[in-house]
Amino acid sequence: SIDDQQIEKLNKIVHPPTIDLMIAEIENAVKSGKKYIFVESALIYEASLDEGFDYIICVACERDTQIKRAMKRNNIDKKSVEDRLDKQISLKAKADLADFVINNDDTLESLKATTEFILSIVSMLEPKEK
């Protein structure tokens, strides 16, 4: 099992080039005239990236659902998923910090409808002043 010091060391290695690449991609999208740019980042708060975005949309579900989906997606055991999640800010805390929250515990149709509704709101908002 990886301890907290090893994770911190890994994050110091991985985060800077990942963030640099993300910034470069965003700059390219802006230069090419993209009006909206969405960035998927599970660790946005852990990496202190939240201040760099106009709006944060958190897609959240119950912890049990999150664990089951991660086990299936990554083909790993429950303990491994729980260990990873315990090293992150909880989804509830992320949802509390976000500007918008999409609940992903329901059907795909419900997820799509909620996403479209939030996107319609975001499309009418001005960029945040920084």
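In what follows, residues are counted from 1 in the order of the sequence shown.
Applying the 6.0 Å contact sphere to CG of D77 captures more than 12 heavy atoms from other residues, nucleotides or ligands.
Although no hydrogens or angles enter the test, the distance criterion places a donor-acceptor pair under 3.5 Å between the side chain of D105 and the main chain of E62. In terms of modelled atom types and a separation under 3.5 Å, the side chain of D99 and the main chain of I56 share a donor-acceptor contact. Remark: the backbone N or O of F100 is not paired with any side-chain donor or acceptor of Y55 at under 3.5 angstrom. Not a single donor-acceptor pair under 3.5 Å links the side chain of T114 to the backbone N or O of L111.
Follow the hydrophobic side-chain contacts under 4.5 Å out from L108 and you reach V59 in the same cluster. By the rule that hydrophobic residues join a cluster once side-chain heavy atoms approach within less than 4.5 Å of another member, M22 and I44 end up as members of one cluster. I121 and I102 fall within a single hydrophobic cluster, where Ile, Leu, Val, Met, Phe, Trp and Tyr side chains are chained together by heavy-atom contacts under 4.5 Å. In the hydrophobic clustering of ILVMFWY residues, with side-chain heavy atoms under 4.5 Å counting as a link, L125 and V30 come out apart.
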Problem - Test log, rule side chain to side chain contact (heavy atoms under 4.5 Å, CB included), inputs E46 and K94 - result: CA-CA 10 Å; E46 291 85 347; K94 290 177 184 182; 3.3 Å; yes
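Between atom SG of residue C58 and atom CG of residue N103 there is a gap of 10.0 Å, rounded to the nearest 0.5 Å. Here F53 contributes atom CZ and I37 contributes atom CD1; the two are 9.5 Å apart, rounded to the nearest 0.5 Å. Taking CD1 of I57 as the start and CG of L119 as the end, the distance is 5.5 Å to the nearest 0.5 Å. Distance CZ/R69 to CG/N74: 13.5 Å, rounded to 0.5 Å. Atom CG of D54 is separated from atom CD of E126 by 10.0 Å, given to the nearest 0.5 angstrom. The CD1 atom of I118 sits 12.0 Å away from atom OG of S123, with the distance rounded to the nearest 0.5 Å.
Ion pair K68/D64 not flagged as a salt bridge, since none of the NZ, NE, NH1 or NH2 atoms sits closer than 4.0 Å to an Asp/Glu carboxylate oxygen. Using a cut-off of 4.0 Å between Lys/Arg side-chain N and Asp/Glu carboxylate O, K87 and D83 are scored as not salt-bridged.
Nearest heavy atom pair, residue V14 against residue T18, reads O-OG1, 2.8 Å. Counting all heavy atoms, side chain and backbone alike, D106 lies closest to S110 at OD2-OG, 3.5 Å. Contact record, V122 with Y36: O-CE2, 4.5 Å, taken as the closest heavy-atom pair.
Residues passing the side chain to side chain contact (heavy atoms under 4.5 Å, CB included) test with K78 are I67, M71, E82, sequence neighbours excluded.
Applying the salt bridge (Lys or Arg N to Asp or Glu O under 4.0 Å) rule to pairs touching residues 12-21 yields E8-K12, sequence neighbours excluded.
Checking V39, L43, I19 one by one against L49, the side-chain contact (heavy atoms from CB on, under 4.5 Å) holds for a single residue, I19.
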